[in-house]
Amino acid sequence: MLDENEQRRIRIDKLNALRERGIDPFAIERFDRTHTAAQVHEGFEQLAGSKVTLAGRVFSVRKMGKALFSDIEDETGRMQLHVRRDLLGDAYADFKSLDIADIVGVEGEIFRTEMGEDTVRVTGFTLLAKAVRHVPLGKKRDGVAHETLKDDEARQRMRYVDMLANPESREALIMRCRVVQAVREFLNARDFLEVETPVLQSVAGGASARPFMTFHNDLKLDLKLRISLELYLKRLIVGGIPKVYEVGRVFRNEAADTDHNPEFTLMELYEAYTDLEGMMDLVEDMYVDVAQRVIGTTIVHPVVKVGDKALETVAVDLAQRPWRRLPMLQGIQENAGLDRSAFRDMDSAREAARSVGLDPEKMPTIGKIIEKIHEKVTQPKLVQPTFVIDYPIETSPLAKKHPDDPTLTRRFEVFIAGQELGNAFSEINDPFDQRERFADQLEQTKAGEQEAHPMDEDFIRALECGMPPTGGLGVGMDRLAMVLAGAKSIRDVLLFPLLRPE
RNA sequence: GGGUCGUUAGCUCAGUUGGCAGAGCAGCUGACUCUUAAUCAGCGGGCCUCAGGUUCGAGUCCUGAACGACCCA
């Protein structure tokens with residue numbers, strides 16, 4: 001949609017006029033900078049009077065007849081330029097005709113203006129790229145901010161403009177990348193091996209979700225995009241890698257909303273010879289360490305939904321350890337007044353669901369109903385970090401049975417600010433138990449559950465070869481970034497969220 | 001899947017009871033050699049998301065569609 005408009009026409013005309021004079025900015029391949037804006041500011045005392053070259057995007061031009069001031073911006077900040085006709089001659093007119101967002105390289109001498117601002121007295125410049133399209137970088141005038149690109153849809157479709165125009169948007173996106181980096185640094189320092197496992201899978205397991213389908217032409221093979229990393233990583237535990245992790249994109253064929261994107265970045269790790277409590281310690285260590293690395297403090301300010309619409313920022317100190325541990329049924333009792341007896345059979349469980357305003361129609365098991373009630377009544381209240389433990393067996397087909405209660409499992413999910421921020425098990429390593437669990441999931445599929453786990457014979461074969469007792473953890477990197485960035489939507493921490501084509 | 005709201009100039013937004021389409025920023029022309037995301041004077045720029053309907057007349061009212069935001073399932 002290369003929409004035509006007056007401003008674009010004029011900019012293209014300017015470009016063509018330069019080309020007719022033999023000046024083609026797009027033919028230039030390289031410009032060597034001696035300094036960045038920040039280096040000039042930091043080293044001003046030493047640099048004053050000396051020659052430098054800088055490059056950046058034109059942010060503003062203040063013309064005053066035979067001289068002008070301009071601000072350019074590079075990745076480190078702003079630099080003011082003083083451009084004089086008596087120093088540039090004919091080239092002065094070319095500088096005057098630059099547009100906001102053009103990319104220039106300049107050379108000149110460092111000095112400080114009468115108003116005390118570090119400035120480059122320009123002796124030469126090169127147009128390195130013409131912005132033929134208007135880029136709304138915004139402006140402040142008389143203390144009034146004239147808006148940059150604010151339309152949510154446009155910001156996501158033209159993320160490049162959003163990043164230029166909205167520093168807070170750029171910072172949230174960069175912070176997200178740093179979160180992933182910090183998680184890797186944390187795990188590498190603990191001797192976890194980072195691996196890559198298949199995205200295209202015949203059996204897409206490890207989570208409750210519907211996969212995207214695709215097809216391999218040569219093998220004439222139906223394939224699915226992975227919905228988790230779990231089953232291949234545990235094969236590697238069997239294969240003798242005792243500390244293993246992967247940071248990878250997974251794909252779930254479901255709606256996109258404020259905290260879901262159909263493709264998102266999941267980190268999963270598995271550690272042999274440890275258990276659920278080992279994973280709790282690791283989670284606390286990791287989140288504290290990542291927060292410290294990324295934002296320099298363990299106090300985060302996530303956004304919490306309050307009531308129907310209002311959003312509220314809360315303060316959470318991740319370093320207040322140990323985090324609360326809450327059995328799921330205890331949470332339901334505290335928040336809905338429903339005790340264990342409410343879930344003694346399917347009829348009473350359905351009645352319990354209705355009593356909290358849920359429709360149990362598509363909930364084929366008591367465990368599913370319990371989990372849904374938990375999500376509705378307890379989860380929104382879990383603002384401070386909380387490990388919810390003792391998940392129902394029907395919804396946890398990869399977690400070991402609880403030794404004290406065969407209806408429960410050795411599983412937790414972490415919640416902060418009402419958001420799920422991690423899921424961990426003491427992993428099943430009993431191949432016979434695993435086969436029974438998968439078989440139970442097949443029964444659920446027959447009963448109409450669309451997100452039940454598929455049978456995976458090869459995975460069971462791997463367990464039959466012997467897997468040590470193992471703790472496993474999965475964390476949504478996008479969600480973790482949301483908490484650290486205080487983002488109100490997952491899209492604020494996704495470089496390019498999924499959108500319908502224009 | 002259901003509901004509510006939104007879509008007007010390059011950007012951000014006004015637009016009265018249905019009666020000639022508006023502002024700021026940006027752009028263009030001119031003035032200005034220390035400005036502070038300048039200042040002063042003037043000027044241009046519109047498929048009012050799209051398709052129907054009501055009406056003498058629709059940006060405005062009605063129906064439908066597209067895209068998006070939020071809420072619910």
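Because the structure is a prediction, the values reported are computed rather than measured. Each chain gets a letter, A, B and so on, in the order the sequences are listed, and its residues count up from 1. Heavy atoms only: backbone and side chains are in, while hydrogens, waters and symmetry mates are out.
A/Asp151 comes within 4.0 angstrom of sugar-phosphate atoms only, judged by non-hydrogen atoms across all strands, and of no base. Base engagement by A/Lys66 is indicated by at least one non-hydrogen atom pair under 4.0 Å involving a base atom. A/Lys362 comes within contact range of no nucleotide atom at all, as no heavy-atom separation falls under 4.0 Å. A/Thr258 comes within contact range of the sugar-phosphate backbone alone, with a heavy-atom separation under 4.0 Å but no base atom that close. Residue A/Thr148 is classed as a sugar-phosphate contact, given heavy-atom separations below 4.0 Å to backbone atoms only. Among the atoms of the strands shown, only primed sugar atoms or phosphate atoms (P, OP1, OP2) are found under 4.0 Å from some heavy atom of A/Arg157. Among the protein residues, A/Tyr92 comes within range of no part of the nucleic acid, since none of its heavy atoms lies under 4.0 Å from any strand. Counting any heavy atom pair closer than 4.0 Å across all strands shown, A/Arg491 reaches sugar-phosphate atoms only and no base atom. Contacts of A/Leu358 with the nucleic acid, taken as non-hydrogen atoms under 4.0 Å apart, are absent.
Taking atom P on both B/rU55 and B/rC67, the two are 32 Å apart, rounded to the nearest angstrom. For the P atoms, the distance from B/rC5 to B/rC61 is 12 Å, rounded to whole Å.
The nucleotide B/rC20 finds no pairing partner, because no Watson-Crick or G-U wobble arrangement with both distances shorter than 3.5 Å includes it. Both distances falling under 3.5 Å, in either a Watson-Crick or a G-U wobble arrangement, place B/rG1 opposite B/rC72. Applying the Watson-Crick and G-U wobble criteria (two distances, each under 3.5 Å), B/rG59 pairs with nothing in any strand. Within the shown strands, B/rG30 is the pairing partner of B/rC40 under the Watson-Crick or G-U definition, both distances less than 3.5 Å. The partner of B/rC67 is B/rG6, by the rule that a Watson-Crick or G-U pair needs both atom distances under 3.5 Å.
Looking only at atom types and distance, the side chain of A/Thr119 has a donor-acceptor partner in the side chain of A/Gln80 under 3.5 Å away. With hydrogens and angles left out, the side-chain atoms of A/Asn166 and A/Thr148 include a donor and acceptor closer than 3.5 Å.
Protein atom NZ of A/Lys63 is 16 Å distant from nucleotide atom P of B/rC40, rounded to whole Å. For the pair A/Asp152 CG and B/rU12 P, the interatomic distance rounds to 10 Å; values are reported in whole Å. The nearest whole Å value for the distance from the CG atom in A/Leu81 to the P atom in B/rA37 is 15 Å.
We find that A/Arg9 and A/Glu6 are not joined by a salt bridge, their nearest charged nitrogen and carboxylate oxygen being 4.0 Å or further apart.
Residue A/Arg500 places none of its side-chain N or O atoms closer than 4.0 Å to OP1 or OP2 of B/rA66. For A/Lys14 and B/rC28, the shortest distance from a side-chain N or O to OP1 or OP2 is below 4.0 Å.
A cation-pi arrangement is present between A/Arg121 and A/Phe111 under the rule of less than 6.0 angstrom and at most 45 degrees off the ring axis.
Distance alone, capped at 3.5 Å, is enough to place a donor-acceptor pair between the A/Thr409 side chain and the A/Tyr391 backbone.
Nearer to the 5' terminus of RNA chain B, by closest-nucleotide assignment, is the contact made by A/Leu149 (compared with the other of A/Leu149 and A/Glu114). Projected onto RNA chain B by closest heavy-atom contact, A/Ile10 and A/Lys488 fall at different nucleotides, the more 5' of which corresponds to A/Ile10.
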Problem set entry | From CA spacing to verdict: side-chain contact (heavy atoms from CB on, under 4.5 Å), A/Thr365, A/Glu449 | CA-CA 9 Å; A/Thr365 62; A/Glu449 171 64 64; over 6 Å; no
